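Contents: one structure, followed by commentary.
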Amino acid sequence: MNDSSAPAGLPEDEQARRRAGLLSGMGAYLLWGLLPLYFSVLAPADSFEILAHRIVWCTVFCLLLLALTGGFRALRTALTDGKVLGTLALAAVLVCGNWLVFLLGVMSGNVVEISLGYYINPLLSILLGVFVLRERLRPLQWVAIGLAAAAVVVITVGYGAVPWFGLAVAVTFAGYGLVKNRVGAKVGALSGLTVESIVLTPLALGWIGWTYLAGTATFSGEGSGHVLLMLLLGPATALPLLLFGSAARRIPLSWVGMLQYVTPTMQFLTGVFLMGEEMSAARWAGFGLIWVACLVLITDMVRRARRR
């Protein structure tokens, strides 16, 4: 597929394909952007209990989808290939860490800092490409990375603390993306996510059991509404990933690159205007630098797409 904006002369079927991909991509990033609000209504469940239920119900939901689509052969192939299974197990550890940090950030009132991590993530992914995949950076990419680094310094100095939640979110998700890139051609999105969830499920079930033994479980003690919200953690986890996979196959990479900023922008607005998080002058200055870095990176993506 040509990595450029849709010209008017595209065939109607290709235009329809791109419209469907754009809607899928927007759906994925909008759902991800709403997660802080969703997790905040799951109280009094703590971050670890929510994470455990998220893993278990994601596994159940993925297995149901595989049953409906006849995808168990692909799942069996992934589970019996030692190299693929090992890679997906590493991906599972990274995405579990990402989910946990995200939850801890949301439940402790640090949604704005979480959004910082997702703004930084594309730039960190580019750096991983340089150091791990031996890719070469273009000049505008260097400028964007420099601005992002300056933003973290400004926020750290002005706020008096390193934005650990944001940095941890960025590192774990960028690492997850790199690992998935290594195995993406060998396993589909649904099969891969199912394997990752299966790997994590024994630990998740163990933690849920512990909450009942310790008397801290909220799953069955907060009413039917709470039970339903916990059960919906499965589709809330899997559906955005599946929509994203659908979008990535239908629209140019440059479009995906620009859409990815929908989520952190929604998270930032949620933290500031709905959850009332404090925005000091240093934070505004740091986020200003981050937004300029994002604009520089988008400009670079658009220019590259046009040259192609």
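Computed from a predicted model, the values in this text were never measured in an experiment. One-based numbering along the sequence shown.
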Shared hydrophobic cluster, [X] / [Y] (ILVMFWY, side-chain heavy atoms < 4.5 Å):
{"X": "Leu64", "Y": "Val56", "answer": "yes"}
{"X": "Leu75", "Y": "Leu68", "answer": "no"}
{"X": "Val292", "Y": "Met279", "answer": "no"}
{"X": "Leu167", "Y": "Leu147", "answer": "no"}

Which value, rounded to the nearest 0.5 Å, describes the distance between [X] atom [atom1] and [Y] atom [atom2]?
{"X": "Leu65", "Y": "Thr194", "atom1": "CG", "atom2": "OG1", "value": "7.5 Å"}
{"X": "Trp142", "Y": "Ile126", "atom1": "CH2", "atom2": "CD1", "value": "10.5 Å"}
{"X": "Ser47", "Y": "Phe102", "atom1": "OG", "atom2": "CZ", "value": "11.0 Å"}
{"X": "Tyr261", "Y": "Asn121", "atom1": "OH", "atom2": "CG", "value": "9.0 Å"}
{"X": "Ile55", "Y": "Leu203", "atom1": "CD1", "atom2": "CG", "value": "7.5 Å"}
{"X": "Ile290", "Y": "Ile120", "atom1": "CD1", "atom2": "CD1", "value": "4.5 Å"}

Heavy-atom pair of closest approach, residues [X] and [Y]:
{"X": "Tyr119", "Y": "Cys294", "result": "CD2-SG, 3.7 Å"}
{"X": "Val84", "Y": "Lys186", "result": "CG2-CD, 3.9 Å"}
{"X": "Val152", "Y": "Pro163", "result": "CG1-CG, 4.3 Å"}
{"X": "Ile155", "Y": "Gly286", "result": "CG1-CA, 3.7 Å"}

Original post:
Should we say atom CH2 of Trp164 is surrounded by more than 12 heavy atoms from elsewhere, each under 6.0 Å from it?
Top reply: no

**OP:** Taking atom CZ of Phe48 as the centre, report whether more than 12 heavy atoms of other residues, nucleotides or ligands fall under 6.0 Å from it.
**Re:** no

Original post:
Would you call Lys180 and Glu196 a salt bridge, using N to O less than 4.0 angstrom?
Top reply: yes

Subject >> Note: Arg138-Asp300 ion pair, threshold 4.0 Å (strictly below) >> reply: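 Yes, Arg138 and Asp300 are salt-bridged.
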
Does [Y] offer a backbone N or O that forms a donor-acceptor pair with the side chain of [X] under 3.5 Å?
{"X": "Ser191", "Y": "Val187", "value": "no"}
{"X": "Gln267", "Y": "Pro36", "value": "no"}
{"X": "Thr263", "Y": "Gln260", "value": "no"}
{"X": "Asn110", "Y": "Glu113", "value": "no"}
{"X": "Arg283", "Y": "Glu278", "value": "yes"}
{"X": "Tyr118", "Y": "Val169", "value": "no"}
{"X": "Thr172", "Y": "Leu94", "value": "no"}

**OP:** Report the C-alpha separation of Leu239 and Phe61 in whole Å, then their side-chain angles, then the decisive distance to 0.1 Å, and conclude whether the side chain to side chain contact (heavy atoms under 4.5 Å, CB included) test is met.
**Re:** CA-CA 10 Å; Leu239 284 178; Phe61 184 73; 4.1 Å; yes

Donor-acceptor side-chain pairing of [X] and [Y] below 3.5 angstrom:
{"X": "Thr59", "Y": "Thr201", "answer": "yes"}
{"X": "Glu49", "Y": "Thr218", "answer": "yes"}
{"X": "Thr237", "Y": "Arg54", "answer": "yes"}

Original post:
Which is it for Gln141 and Val296 under the side chain to side chain contact (heavy atoms under 4.5 Å, CB included) test, yes or no, and what are the steps along the way?
Top reply: CA-CA 8 Å; Gln141 290 178 321; Val296 170; over 6 Å; no

Would you please indicate yes or no on a ring centroid separation below 6.0 angstrom for [Y] and [X]?
{"X": "His53", "Y": "Phe219", "result": "yes"}
{"X": "Tyr212", "Y": "Trp207", "result": "no"}
{"X": "Tyr29", "Y": "Trp32", "result": "yes"}

Original post:
Side-chain contact, heavy-atom cut-off 4.5 Å: Val112 with Phe287?
Top reply: yes

**OP:** Compare all side-chain heavy atoms of Phe165 with those of Ser108 and state whether any distance is below 4.5 angstrom.
**Re:** yes

Subject >> Steps toward side chain to side chain contact (heavy atoms under 4.5 Å, CB included) verdict (Leu233, Phe39) >> reply: CA-CA 9 Å; Leu233 282 168; Phe39 292 149; 3.6 Å; yes

